[in-house]
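Have a look at the structure below before the remarks.
As the structure is a prediction and not an experimental result, all values here were calculated from the model. Throughout, protein chains are lettered first and strands after them, A, B, ... in sequence-line order, and every chain is numbered starting at 1.
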Number of protein chains: 2
Amino acid sequence: MRIVKEAEIRRNEILDAAEELFGQKGFDGTSTGDILGKVGIARGTLYYHFKSKEDIMDALIERTNANILGAAQHIAADKSIPVIDRILRVVMALNISGGNGSSTEIMEHIHKPQNALMHQKIQKAIISGVPPILTPIICEGIEQGIFNTQYPYECMEMVVIYANTIFDDDMVEMTDEVRMSRVLAFISNVERLLGAESGSLMSVMQMFGNGEEARDEDGE
Amino acid sequence: MRIVKEAEIRRNEILDAAEELFGQKGFDGTSTGDILGKVGIARGTLYYHFKSKEDIMDALIERTNANILGAAQHIAADKSIPVIDRILRVVMALNISGGNGSSTEIMEHIHKPQNALMHQKIQKAIISGVPPILTPIICEGIEQGIFNTQYPYECMEMVVIYANTIFDDDMVEMTDEVRMSRVLAFISNVERLLGAESGSLMSVMQMFGNGEEARDEDGE
DNA sequence: AATTACCGACAGACAGTCGGTCGGTACAAC
DNA sequence: GTTGTACCGACCGACTGTCTGTCGGTAATT
């Protein structure tokens with residue numbers, strides 16, 4: 001039986017299947033056969049739409065990224081929100097999902113030894129995508145006298161890389177207590193980096209309280 | 001033809017071959033057949049000594065790590081060297097090699113998209129191995145009034161993760177100029193983190209001058 | 001005679017290729 | 001406005017080559 005669809009629809013079906021399977025079993029753990037079965041297409045079809053298995057991953061990351069970064073960018077541009085609140089909101093948007101809530105699941109399963117390549121690619125996208133969104137907010141903060149640094153971009157880069165590695169990845173195993181002390185130290189360090197008054201960023205600690213599980217009151 | 005050797009010798013022959021091949025062609029790009037050919041043994045022999053291909057990688061990382069971290073630890077413990085010099089020396093030892101110079105080559109080829117898993121494992125080892133070596137030196141610095149921070153360990157963690165990601169990996173493409181400005185900002189940021197006097201760490205910039213190519217005057 | 005190191009044929013799985021097929025659409029002819 | 005036809009994009013699935021890991025057996029060593 002043969003079902004014909006528009007190319008972009010098929011493409012997205014494949015990406016949807018891959019998203020779920022990669023999340024469950026990792027990239028290496030997922031065979032193209034698995035994807036074939038889930039979508040209900042033949043091998044040739046898959047390779048008609050994508051040139052390799054890795055190509056699927058790249059497309060998936062790009063799709064997910066466009067969502068997430070777009071949402072974050074949107075919040076970042078809203079100058080009616082006070083600087084510190086806005087930073088918090090932006091980071092929330094980055095951690096939780098890309099609006100529709102469809103891209104949430106992958107993020108929860110990505111930090112596994114198996115998915116190293118995917119993880120690395122996402123990491124790269126985060127590093128080049130997030131600091132440019134946050135930096136303008138920091139600059140506003142500098143104008144307002146809340147922050148003080150010559151290197152807002154580099155600070156954001158450092159903060160993003162560190163937070164992403166320690167708090168999102170499982171690079172270092174932590175009990176909840178250790179994690180809490182890391183958060184405290186982190187906030188204190190960020191205050192120093194940004195030249196903010198000591199304690200002025202403590203309010204962002206709530207972000208780490210529930211970690212990535214938070215999903216109650218986002219009215220987005 | 002059948003050549004019998006002591007298990008540990010064979011093991012190391014295999015690791016030597018794997019080290020070179022992984023460096024040249026990456027982990028995924030290297031087949032167990034390649035290793036077999038290079039060492040001159042049969043499949044069964046390889047799997048007599050290692051339980052899987054990944055097991056080879058793990059063993060290799062562990063071997064390399066023991067060398068590098070050992071050398072760094074050795075320098076770190078030498079209290080006759082002034083604090084800042086010592087930090088510099090330790091970091092040099094980490095970047096350059098593990099003493100014998102045998103493990104240098106891998107490090108040069110590891111930062112490639114192919115070797116994601118190996119890279120991740122090494123990253124993990126660095127993150128859990130390096131800060132504990134540097135922290136006591138920072139503490140000495142605090143006692144001497146050079147530094148001032150409540151969180152020496154977390155600072156080192158942040159610094160190590162950032163430097164390793166930005167300067168060692170190719171996570172973000174940089175021209176030499178951009179790189180230089182990153183180094184400047186980095187040093188300035190580290191000074192703030194450690195509560196060091198502004199400019200007091202500028203001397204470590206030499207480390208980044210020639211990047212990882214430096215290998216002239218280490219009298220080790 | 002027992003243990004340790006080694007061999008190589010083999011099974012099973014998987015990514016990617018290729019020739020061929022089918023459905024839809026545009027458009028001409030009637 | 002119905003029928004004929006030419007074309008193309010989407011789709012199929014058998015096949016190839018490669019690779020990892022296994023297993024039964026063999027040679028050296030103690």
Side-chain angles (χ1 to χ4, degrees), chain A residues 1-61 63 112-118 120-121, chain B residues 1-61 112-118 121:
Chain A
M1 68 178 81
R2 185 196 191 81
I3 300 164
V4 177
K5 299 189 180 177
E6 231 170 280
E8 207 186 305
I9 293 178
R10 247 307 118 77
R11 239 183 101 87
N12 273 303
E13 282 181 10
I14 295 171
L15 290 180
D16 290 341
E19 185 166 26
E20 191 171 333
L21 289 168
F22 289 172
Q24 285 167 10
K25 326 203 303 187
F27 177 74
D28 287 341
T30 303
S31 73
T32 52
D34 293 338
I35 300 175
L36 264 32
K38 183 151 197 123
V39 182
I41 54 173
R43 288 200 85 64
T45 308
L46 187 101
Y47 283 91
Y48 174 77
H49 293 283
F50 297 92
K51 75 180 225 294
S52 70
K53 193 182 168 192
E54 188 171 344
D55 191 34
I56 297 175
M57 182 172 63
D58 289 339
L60 185 55
I61 290 174
R63 191 180 75 166
K112 288 175 186 167
Q114 330 161 4
N115 304 24
L117 181 56
M118 182 160 38
Q120 193 182 68
K121 292 191 174 192
Chain B
M1 67 177 86
R2 188 189 190 86
I3 300 163
V4 178
K5 300 188 180 177
E6 229 170 282
E8 206 185 307
I9 293 179
R10 250 302 121 79
R11 238 182 101 87
N12 273 304
E13 281 180 9
I14 294 171
L15 289 180
D16 291 340
E19 184 165 27
E20 191 171 334
L21 289 168
F22 289 173
Q24 286 166 9
K25 325 202 307 188
F27 177 73
D28 287 341
T30 301
S31 71
T32 50
D34 293 338
I35 299 175
L36 263 35
K38 184 152 193 120
V39 182
I41 55 172
R43 289 201 82 66
T45 308
L46 187 103
Y47 284 89
Y48 174 77
H49 293 284
F50 297 92
K51 76 179 223 293
S52 71
K53 193 183 168 191
E54 189 171 343
D55 190 34
I56 297 175
M57 183 172 62
D58 289 340
L60 186 54
I61 290 174
K112 288 176 187 169
Q114 330 162 5
N115 305 25
L117 181 57
M118 182 162 36
K121 291 191 174 189

**Message:** Treating primed atoms plus P, OP1 and OP2 as sugar-phosphate and everything else as base, which nucleotides of nucleotides 14-23 of chain D get B, S or - for protein heavy atoms under 4.0 Å?
**Reply:** B----SBBBB
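Using a distance-only test at 3.5 Å, with no hydrogens or angles considered, no donor-acceptor pair links the side chain of B:T45 to the main chain of B:I41.
Closest of all the heavy-atom pairs between A:Y47 and A:S52 is CE2-CA, 3.9 Å. Across every non-hydrogen atom of B:G29 and B:D34, the tightest pair is O-OD2, 4.0 Å. The two residues A:K53 and A:T30 have their closest heavy-atom pair at NZ-O, 2.7 Å.
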Report, one pair per line, the protein and nucleotides 27-29 of chain D atoms (nitrogen or oxygen only) whose separation is under 3.5 Å.
{"unit_1": "D:dA27", "atom_1": "O4'", "unit_2": "B:R2", "atom_2": "NE", "d": "3.4"}

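One finds a salt bridge joining A:D16 and A:R63 here, because a Lys/Arg side-chain nitrogen approaches an Asp/Glu carboxylate oxygen to under 4.0 Å.
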**Item:** Stepwise side chain to side chain contact (heavy atoms under 4.5 Å, CB included) check, A:E54 with A:L117
**Value:** CA-CA 9 Å; A:E54 188 171 344; A:L117 181 56; 4.0 Å; yes
**Request:** Evaluate the side chain to side chain contact (heavy atoms under 4.5 Å, CB included) criterion for residues B:R10 and B:Y48: first the C-alpha distance (whole Å), next the side-chain angles of each, then the deciding distance (0.1 Å), finally the verdict.
**Result:** CA-CA 10 Å; B:R10 250 302 121 79; B:Y48 174 77; over 6 Å; no
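Atom CG in B:L46 sits about 15 Å away from atom P in C:dA5, given to the nearest Å. Rounded to whole Å, the distance from CD1 on B:I9 to C1' on C:dA5 is 12 Å. The separation between B:E13 atom CD and C:dC6 atom P is 8 Å, rounded to whole Å. Nucleotide C:dG8 holds its P atom 10 Å from the CG atom of B:L36, rounded to whole Å. Taking atom CZ on A:R11 and atom P on D:dA10, their separation rounds to 11 Å, with Å as the unit. Atom CZ in B:F50 sits roughly 15 Å away from atom C1' in C:dC6 (whole-Å rounding).
At least one side-chain nitrogen or oxygen of B:H49 sits closer than 4.0 Å to the OP1 or OP2 atom of C:dC6. In terms of phosphate contacts, A:Y48 brings a side-chain nitrogen or oxygen within less than 4.0 Å of OP1 or OP2 of D:dA10.
Across all strands, B:I41 comes closer than 4.0 Å only to sugar-phosphate atoms, never to a base (heavy-atom distances).
Of the candidates B:L60, B:I9, B:L46, B:L46 is the only one forming a side chain to side chain contact (heavy atoms under 4.5 Å, CB included) with B:I14.
No side-chain heavy atom of B:E13 sits under 4.5 Å from any side-chain heavy atom of B:E8.
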